[in-house]
Structures are given as structure tokens and as C-alpha cells.
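First up is the structure itself, then whatever we jot down about it.
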Amino acid sequence: MSDGETRRVHPATIAIGLLKSAPSTLLGLPVLLAFGGEFGIVKVVLLTLVGIAAMAFFTWLGWWHATYRLTDDEFVIEGGVLHRSRRSIPLERVQDVSIEQKPLARLFGLALVRIETGGGDKDEATLDSVTLNEAHRLRLALRRVPAVASGEAPVDAEAGRRLFAMSLGRVLLYGLFNFSLVWLAAIFAGLQAIDDVIDFDWQELVGIAGREVRSHLNLTTALTVLTLALALGVVAGLVRTLAREYGFRLDEREERFRRIRGLLTRSEVVIVKARIQLALVRRGAISGRLGWRSLEFQTLGGSDDSSGRQEMAPFARDEEVERVIAAAGLPRFEADALAPVSRGHVLRAALRHGLPVLAVFAVAGAFLPLLCLGLLLVPVPVGLALLQRRRHLYGLRETSAQVTRGVLSRRDWIVPYPAIQTISVRRSWLQRRLGLATVAIDTAGARGWHRPDIADVAAPIAAELARELVARA
């Protein structure tokens, strides 16, 4: 495929473009029909056909100018009609190539190719749409795999040893733990859309409904509404999980993992072992106590997750998680060999979370004495602080730093020393007065929250930890 020949994406791209634009076209029809009495229905139909023809022409024009070319040194993507763009990607910079099939693309047997280069947290380029075989062949060619030199690359060219898979039953069970109220957001978004199109005062409708509910409110009605809301939340969680995780499987071949999942949008991502920075094992508040775990790998960017992590085993048992971790060349998590943070962690956590509760209810109780009963909640943050210290453990093992944290839900980190990029020692105002410090460990590609920081160790121990981490990294 590296013959330098200029090629176009699949012609079915034109049909997909027309189908994508069909909803906006249909929304414009009522406006045209509203003027039908003035201009005549025949003119309206002709005008509609002219608009569709113009749309088809510009869609075809966009397809004609969308080309790509693969040479021995670079991959070039060009596109645009009035505003032309040209992107040239040296092959030596290509780190990962993933394949995605959205519902419309799957109908036509097409796929989108995402190209990722070193260190970036976004895709360097995308190519949409090519046949599935062409997508797989491009991926192998961009990685300079010799197998693509002749003939079509098979779709399972990178299939290897099956490490982990989720059956339909397991996906549905996983969905039961992913309770979601996203349906509420969908309802309000729909009402807002209606309000933008027509003069529809949905807030007045909600007010009328609220008055009706209050007029018939009793314990049975309240329980019925609550049960319905919970049921819809469970259904929404099931639907979201099924759409995302259906057919989940993780394969290993040589120095790469291949993950495939999705019901409507089918995605295929390859994770290079050399780009894995750390492993994170999560245990949910309920599912974790039933023996279920989730495994994520922090990578050097390009993840479809906002935190930069790749899900490797979303709903797995301990032995399955350990198998994937071992396949990545990472050490096992040694919880028994870890030490707790300083006892001062209890005092700091109790002050941070207990004082606000004390202040709020003390002030509120001065105006409404009944609210003084809220002071009974003050021991709760103290109890949580005790549990936090008991569950916050750390240790420097032979090849990795390991940290665990969490009360209801737990998180275990395995950070290989070579993956550590920066180490910092931080001390807040309260920590300085308690003689404590936090050792922050940062890896390449990390974004968002939930990092393997070691919080509230004695300041001299924190300084020694930082020196030891620097020496090992």
C-alpha cells in the first residue's frame, strides 16, 4: 500500500453524508410547506428537489476532494472544497492506529481510522470512511508491518491470544451497577429543543404537573414515583452499558493489546505495551464487595477517556485482572506489603470534613434550634477519617510504586518506576502545622483526577520517599 498512489475514501461516504444531513433537511420542509399556499405546492416540491440536488452535489464535491496517500515515509490526508487542508504525518511518529465503526458506517461496511502520534492527547488525524479491510491494511502499513506488502490484510490480522471477554450476561450484570439518571437530562434537553422550535412553555407545564402531584400526594404515590425513577435509572444504566460494552473482548499479540467493543458504534483500539504508564484497579462500593473489579491502563495519550486511561477489563474477577496485568509486564499488586500513611491523616481529614459540618449546623441552629440536631452528624467525618487512613496504603516495591486509597470504593495503583515523569512534595497550610506532606507522582499522559498521590506522610518521610523515587525512576 506504500506505493504513493493517491486514493479516495469509499463512494458510500456520499450516501452517509446525505443521510446525516437528512434531519436538518426535514426540519426545513414545514417552513416551505407553510408558504405553499402563496407559491403553490408544485414550486415548493421543485424547490425541495433543487435543494436536495444541491446538497448531493456539494457532498459529492467534498468526497471527490477527500484523498489520502501513503508513501514509504509519510501518510498524507487532503480535503476541503473552498478551504483546503493537507496533513502530512511522518510514519516514524505514528504510535497507535484505532478503528471505529459507527451505526451508519456499519451498514455500508465502512470504518473510520484514527491516527495517533507520540505524546499527544488528541488524534493527529482521522480518515473517514474506508472499507473495513482497507482500514486494517492501513493500520498495519502505518505501523510498517511487512505482512501488508501483498494482498488484502485480513480483518483479524492482529487477532491473538484471548485475554479477557465479557458475555452478554456479564455485560447486563455490569449494567445493573451502572445506575444512571441520564434519562432526566434527555427529557429536559428534548423539552428545551421543543421550546426553541415552537412557542411551548414547558416550565408552565411542569408547574401544572407539580400542583397536580401535590394535590394527590401520599405515601403510596411517593413510593410509586420513587420506584419508577429508580427503575428508569436502572434501565438507562443497562442501555448505556450495553451500547458501550457489548461484545467486549481483549486480545494480546506480541507487544500489543487489541480491544473490541460496542453495539451500535463498534470500536477497535490497539494499545502498545510500551506506552502503558500505570495500572489502576477499581473496586465499586457494592460490586467490589461482590468480587468484581475494573482494570484501566494509563497510556501516553489518545485515549477515548477524558482521564487518558484505557479500559482493559471493565467488569472482571481478581484472577482475570491479574492475568491482564501480567500480560502487560507489570508486577502484581502487593497489598499486604504496603504501609499506612501518618496518623496525622486522621486529624487532617477530620478537620477538613468535620469543621464545615460543625460550622454549618452551629450557625443554622442559632436561627432554628431544631437544626442543632445536625451536630449529631459531626462524628461521621471523624469515622470516615479513621477509615481513610486505614485504607490509604503505599509502598516502594522492587519494580514499582504501589498506592491504594478509598473507603466505599477502592483504587489500587501500580506505577512502574521508569514511567514516573515528575515527583513533587506538596504541603498545605494545615499540613505544615501538622508536620505532614503529600508526595505527588505524575506519569506521562495523565489527566484529570485520581492520581497515585501519597497523602499525609510525615514531612521527613515524604522527603525520603521523593529521593528514593527519583533514584529508582
Side-chain angles (χ1 to χ4, degrees), residues 160-178 241 244-261 267 269-299 303-305 307-338 391-395 397-417 419 441 443 445-446 449-452:
R161 179 171 70 101
R162 180 63 46 81
L163 277 179
F164 176 74
M166 292 175 63
S167 64
L168 178 59
R170 184 179 292 200
V171 171
L172 293 175
L173 180 60
Y174 180 37
L176 291 177
F177 293 101
N178 285 337
T241 304
R244 180 178 173 85
E245 308 295 351
Y246 176 80
F248 187 105
R249 66 178 188 267
L250 181 71
D251 298 334
E252 176 201 20
R253 180 171 179 175
E254 298 175 347
E255 298 304 314
R256 303 176 188 272
F257 295 105
R258 184 178 72 156
R259 185 195 68 201
I260 300 175
R261 66 176 175 181
S267 65
V269 177
V270 172
I271 299 102
V272 182
K273 293 181 181 180
R275 305 191 72 214
I276 295 173
Q277 302 297 291
L278 61 79
L280 170 60
V281 179
R282 294 175 180 266
R283 299 171 184 159
I286 298 176
S287 60
R289 284 158 178 76
L290 297 177
W292 296 104
R293 311 284 185 263
S294 70
L295 172 64
E296 301 171 0
F297 284 161
Q298 178 79 51
T299 64
S303 168
D304 53 3
D305 184 86
S307 62
R309 290 187 290 266
Q310 296 280 8
E311 287 186 308
M312 306 299 289
F315 198 63
R317 295 296 189 184
D318 281 334
E319 59 274 13
E320 295 171 324
V321 168
E322 291 175 1
R323 184 165 63 245
V324 179
I325 289 176
L330 299 175
R332 63 184 296 271
F333 189 77
E334 303 175 60
D336 296 336
L338 305 183
R391 300 290 178 85
H392 189 3
L393 310 173
Y394 70 96
R397 311 307 301 152
E398 183 179 355
T399 60
S400 65
Q402 301 189 0
V403 182
T404 183
R405 191 164 65 233
V407 178
L408 296 178
S409 60
R410 296 280 301 277
R411 296 182 296 275
D412 302 334
W413 287 270
I414 303 172
V415 190
Y417 295 126
I441 303 172
T443 57
W449 302 96
H450 305 318
R451 302 193 184 189

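Between E311 and R259 there is no salt bridge, since no side-chain N of the basic residue sits under 4.0 Å from a carboxylate O of the acidic one.
Within 6.0 Å of atom CD in E398, 12 or fewer heavy atoms from other residues, nucleotides or ligands are found, so the atom counts as exposed in its surroundings. By the 6.0 Å contact criterion, CD1 on I286 is open, its count of non-hydrogen atoms from other residues, nucleotides or ligands being 12 or less. Other residues, nucleotides and ligands contribute at most 12 non-hydrogen atoms within 6.0 Å of the OH atom of Y246.
Nearest heavy atoms, G175 versus T241: CA-OG1, 3.4 Å. Summarising the geometry of R391 relative to G406, their closest heavy-atom pair is CB-O, 3.0 Å, with the distance given to 0.1 Å. Closest approach of W413 to P452, counting heavy atoms only: CG-CB, 3.5 Å. Between A401 and Y417, the closest heavy-atom pair is N-CE2, 3.6 Å. Closest non-hydrogen pair, I271 versus Q310, comes out as CG1-CG, 4.1 Å.
For the pair F257 and L163, the minimum side-chain heavy-atom distance is below 4.5 Å. Counting heavy atoms from C-beta on, the side chains of M166 and P314 come closer than 4.5 Å.
For A279, the side-chain contact (heavy atoms from CB on, under 4.5 Å) partners at least two apart in sequence or on another chain are L295, F297, L330, I414. Applying the side-chain contact (heavy atoms from CB on, under 4.5 Å) test to A285 and every residue at least two apart in sequence or in another chain returns L408. In this view, E322 satisfies the salt bridge (Lys or Arg N to Asp or Glu O under 4.0 Å) rule with no residue, not counting sequence neighbours. Under the rule for a side-chain contact (heavy atoms from CB on, under 4.5 Å), the partners of R283 that lie at least two apart in sequence or sit in another chain are R293, R410, D412. Take R397 and apply the salt bridge (Lys or Arg N to Asp or Glu O under 4.0 Å) test, not counting sequence neighbours, and it matches E334. Every residue two or more places apart in sequence or in another chain that forms a side-chain contact (heavy atoms from CB on, under 4.5 Å) with L393 is listed here: L338, P340, T404.
A distance of 10.0 Å separates CG of D251 from CZ of R161, quoted to the nearest 0.5 Å. R256 contributes atom CZ, which lies 10.0 Å from atom CZ of R275 (distance to the nearest 0.5 angstrom). Here the CG atom belonging to L278 is positioned 10.5 Å from the OG atom belonging to S400, to the nearest 0.5 angstrom. Taken to the nearest 0.5 Å, the CZ atom of F248 stands 10.5 Å off from the CZ atom of R170.
Between the side chain of R249 and the backbone N or O of A165 there is no donor-acceptor pair closer than 3.5 Å. No donor-acceptor distance shorter than 3.5 angstrom exists from the side chain of E252 to the backbone of A328, with no hydrogens or angles considered. Judged purely by atom type and a 3.5 angstrom limit, R317 uses its side chain to pair as donor or acceptor with the backbone of G291. Here the side chain of R451 pairs no donor or acceptor atom with the backbone of T443 at under 3.5 angstrom. Checking side-chain atoms of E255 against main-chain N and O of R253 turns up no donor-acceptor pair under 3.5 Å.
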Practice problem: Give the C-alpha distance, both sets of side-chain angles, the deciding distance and a yes or no for side chain to side chain contact (heavy atoms under 4.5 Å, CB included) between L250 and M312. | Solution: CA-CA 7 Å; L250 181 71; M312 306 299 289; 3.7 Å; yes
Exercise. Show your reasoning for whether side chain to side chain contact (heavy atoms under 4.5 Å, CB included) applies to V281 and I325.
Key: CA-CA 10 Å; V281 179; I325 289 176; 4.1 Å; yes
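Ring geometry for W292 versus F315: interplanar angle under 30°, hence parallel rather than tilted (30 to 60°).
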